[in-house]
Protein chains: 2
Amino acid sequence: MDTVKTVKPSAGPIRRETLHHGAVAELRAMILSGELRPGSRVPEVQLCEQLGVSRTPLREALRVLAAEGLVELRPHRGAVVTPIDPREIAAVFEVMEALEALAGDLACRRGTVEEFAELDRLHDQLHAQFDAGDRLAYFLTNRQIHARIVAMARNPSLDATYAGFASKILRARSLANYDEERWRDSLNEHEGVMAAFRQRDAAVAGSLLAAHSRQTAEAVLAALNGCGAELQT
Amino acid sequence: MDTVKTVKPSAGPIRRETLHHGAVAELRAMILSGELRPGSRVPEVQLCEQLGVSRTPLREALRVLAAEGLVELRPHRGAVVTPIDPREIAAVFEVMEALEALAGDLACRRGTVEEFAELDRLHDQLHAQFDAGDRLAYFLTNRQIHARIVAMARNPSLDATYAGFASKILRARSLANYDEERWRDSLNEHEGVMAAFRQRDAAVAGSLLAAHSRQTAEAVLAALNGCGAELQT
DNA sequence: TCGTGCCAGATTGTATACAATATGGCGATT
DNA sequence: AATCGCCATATTGTATACAATCTGGCACGA
């Protein structure tokens, strides 16, 4: 029992992650949470000491985030957190609408009974959170529901693509809280979607989800344009 | 006029590319062309001398390609060119169908007269190449047409996403040439799409493009399953 | 006063050296 | 003879050093 090194004594979950992988996760979280503001420059050395890694893994992480579109790299001029451009968000929503429709359709066809039940449970929770006026909880449950629907579609490519688009929308959304009326409408749209799911009506579920996405887009874009240009920097 | 260095005398477009950027382009081309076979390992040092760069930019390039899904990284075990999994290709095609529909719809609404004319011209060219039996030329024109349609949609996010999916499909397609009958059907489907475009019927154009994608998917997947598992390694 | 060219500082891009981990083969033990 | 454990080798992960490029400001001249 003295030279057993293939198994660690359970002190920490084997730390199989590489540094740049972890850096990607942390940076992404920082960007999505708004800790790194859109349009702000990202000095490498500063982030290095902040994350406790060297420049090499950090730069690899920046390349990955650039491929995801969360940062932009300009040769010899450093990286900037991708600014939130209302036109780009509009474009993202356009694609998102198609993805939601596809996800809703496929989820309806491929979801298990357990998954539909889980969806029902989450929807009830959503409703309760709306009644309680808990915006944050509602928001989180809402994301969870949509993620579940996408998962039910059994399509890894759709899942990955959806996640990428959702992250871009999330950034815009955190800057623009929409109003009470839209909130109520949103819940009603969810009701409709759930009704379609309960009837296993794939076509309707898909188109209702698409419509829901379109309505959300309008609200978010209106809020973005309302806030104006100070979001850019 | 002796020390003007801000403007180069037009000898080459200012060479603004970084090494890792170029490496990404070259590696992607090598993967898409099949020069790097699916499933094959990718030793870093070998690629370094092959591309004439150091490990640092090469590794950054590999991270980018991993984010695109063209290679897979396993910690301490190197990178492999993502194997072609028929199930994954099927999933990709499912999303692609939705993207084609969206692209067709938007292109119809937003294309300029000049772009529609250009599309007509390309379609005539496609037809001629079919009559001449020139598969390669047909294939290239086909890709060009679809790219043009996506461009007409005026949606950068759609464009980028479409390109990513198209590249994955391209790899599978190069392994599986479909038969004469499918070729003829494909041309006929293009005829239908063009007819819808000429009438500026967005809904029909979108659904026909989606159907075209679905048919293509069936043919490619059939060919993939026909070839069998030797494609994996 | 304004514009231009140049330079110092800072930051990024790349190369290389070192550390950590996986792989394959060898020998000891049962 | 077969299996298990260990070690040498190769490959990847990370850190650091050096080169190239950009930025901002200043002096010079028109």
Give me the ring orientation class for Trp183(A) and Tyr138(A): parallel if the planes are under 30° apart, tilted from 30 to 60°, perpendicular past 60°.
perpendicular
Is there a side-chain contact between Arg74(A) and the phosphate of dT23(D), meaning an N or O under 4.0 Å from OP1 or OP2?
no
Salt bridge (charged side-chain N to carboxylate O under 4.0 Å, His left out) assessment of Arg182(B) paired with Glu218(B):
CA-CA 10 Å; Arg182(B) 172 58 199 145; Glu218(B) 278 187 24; over 6 Å; no
Choose from dT12(D), dG13(C), dT23(C) the nucleotide whose nearest atom is closest to any side-chain atom of Arg41(B).
dT12(D)
Leu47(B) CG to dA15(C) C1': how many Å, rounded?
17 Å
So, Gln129(B) and Asp134(B): side-chain donor and acceptor under 3.5 Å apart, yes or no?
no
Residues forming a side chain to side chain contact (heavy atoms under 4.5 Å, CB included) with Glu97(A), sequence neighbours excluded
Ala210(A), Ser213(A), Arg214(A)
Using a cut-off of strictly less than 4.0 Å, decide whether His76(B) has a side-chain nitrogen or oxygen near OP1 or OP2 of dT11(D).
no
Presence of His20(A) side-chain N/O under 4.0 Å of dT14(D) phosphate oxygens OP1/OP2
yes
Please list, chain by chain and in numerical order, all residues satisfying side chain to side chain contact (heavy atoms under 4.5 Å, CB included) with Leu221(A), sequence neighbours excluded.
Ile89(A), Ala90(A), Leu224(A)
Quick one: the dot-bracket string of DNA chain D, using Watson-Crick and G-U wobble pairs with both distances under 3.5 Å, [ ] for crossing pairs and | for bases paired to another strand.
||||||||||||||||||||||||||||||
Hey, is Glu94(B) close enough to Arg110(A) for a salt bridge, meaning N to O under 4.0 Å?
yes
Could you note down all residue pairs passing salt bridge (charged side-chain N to carboxylate O under 4.0 Å, His left out) where residues 137-147 of chain B supplies at least one of them, sequence neighbours left out?
none
Quick one, which residues of residues 49-73 of chain B touch DNA chain D with a heavy atom under 4.0 Å?
Arg55(B), Arg59(B), Arg63(B)
Gln46(A) CD to dA10(C) P, in whole Å, measures 15 Å
Anything under 3.5 Å between a donor and an acceptor, one on a side chain of residues 54-61 of chain B, the other on a protein residue two or more places apart or in another chain? List them.
residue  : atom : partner  : partner atom : Å
Arg55(B) : NE   : Glu44(B) : OE1          : 2.9
Arg55(B) : NH2  : Glu44(B) : OE1          : 3.0
Arg59(B) : NE   : Glu60(A) : OE2          : 3.2
Arg59(B) : NH1  : Glu44(B) : OE2          : 2.9
Arg59(B) : NH2  : Glu60(A) : OE2          : 3.4
Glu60(B) : OE1  : His20(B) : ND1          : 3.3
Glu60(B) : OE2  : Arg59(A) : NE           : 3.2
Glu60(B) : OE2  : Arg59(A) : NH2          : 3.4

